[in-house]
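Working notes, beginning with the structure itself.
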Amino acid sequence: MSTTDPLAALAALPGVAESVDAVRTAVDRVYGHRVMRRRSNEVTSEAALRGARGSAALAGADWALEEVRRRTDFGDAGEPHLVGAALRLTAEAGQMLSVWRQSPLRVLARLHLVAAGGTGADDTVGRPRQAGERVDEPLIGPEPPGADEVAGRLDGLARLLLAGTEAPALVTAAVVHGELLALRPFVSCNGLVARAAERIVLVGSGLDPKSICPAEVGHAEQGAASYVAALEGYVSGRPEGMTAWIAHCGRAVELGVRESTAVCEALQRGAA
């Protein structure tokens, strides 16, 4: 396996190619739907809404889609805040593509600022946590590392992304997502930020340029227990664990594609 391109090395693990191929086939299929020729903006908008709902559900606010659609006041605490944060992040992610290519860490700080907005927050917002600061959100998985390790690994992730890679978009997105969940670099909203970053990679890579394949829907559909179990595989660093995490992320994209395909079908029937 390559030592100069770690992401490409992951792509070469047994079983990863199958996940990559399945995702590519699914994405190509929905992009080929006849509705996408004239109404892609509507599909994008609906995918954003459903993706935000899915991300909020994994954060602990499992609201019905129609409730998310109709609400305008999301407050500054509890479940309403989580749903509002997910909606804001989904909108912000689409504005961050060019900045991501130049400074991923700047984008992550911005995403956390957006997610935490409205909380009356202090100087912990928009920056990685420091020594002595604890993560204030439901446990996502294994205990996160300390602040010094977080800083080093965030810097390493940024350098890896800026160096470029020949790895498929799914692999890069899965690593960004998994690393942010494992590190939980901020004092709050790490899951929301990690899933928004995954969305940025999938869109910015060209795999899903119109942002119509909401992986967040698929992560939520697979369930929190499956999400945490897959993350534990990533954190283990073992080849089989990494493969399982990439496969989990791939399945999430496929389920997101299925959701948007249903939207396309509804639009075609005039029912959406």
Who pairs with Arg34 by salt bridge (charged side-chain N to carboxylate O under 4.0 Å, His left out), at least two apart in sequence or on another chain?
none

Is any side-chain heavy atom of [X] closer than 4.5 Å to a side-chain heavy atom of [Y]?
X	Y	value
Cys213	Val30	yes
Glu46	Ser260	no
Leu180	Asn190	no

Do we see a donor-acceptor contact under 3.5 Å between the side chains of Asp136 and Ser188?
no

Could you check whether Ser211 and Arg199, counting side-chain N and O atoms only, form a donor-acceptor pair closer than 3.5 Å?
yes

Steps toward salt bridge (charged side-chain N to carboxylate O under 4.0 Å, His left out) verdict (Glu232, Arg238)
CA-CA 10 Å; Glu232 288 174 346; Arg238 295 190 299 269; over 6 Å; no

Salt bridge check: are [X] and [Y] linked by an N-O gap of less than 4.0 Å?
X	Y	value
Glu221	Arg251	no
Arg39	Glu42	yes
Arg50	Glu259	yes
Glu66	Arg53	no

Please report the C-alpha distance between Glu67 and Arg71 in whole Å, then the side-chain angles of each, then the deciding distance to 0.1 Å, and finally whether the salt bridge (charged side-chain N to carboxylate O under 4.0 Å, His left out) criterion is met.
CA-CA 6 Å; Glu67 177 70 5; Arg71 284 286 289 266; 3.1 Å; yes

Near Arg69 CZ, under 6.0 Å, is it more than 12 heavy atoms from other residues, nucleotides or ligands?
yes

Parallel, tilted or perpendicular, as decided by the 30° and 60° cut-offs, for the rings of His219 and His248:
parallel

Students often mix this up, so state it plainly: with edges at 30° and 60°, are the rings of His177 and Trp245 parallel, tilted or perpendicular?
perpendicular

Listed partners of Ser103 passing side chain to side chain contact (heavy atoms under 4.5 Å, CB included), at least two apart
Arg106

Who else is in Val187's hydrophobic cluster (ILVMFWY, side-chain heavy atoms under 4.5 Å, direct or via others)?
none

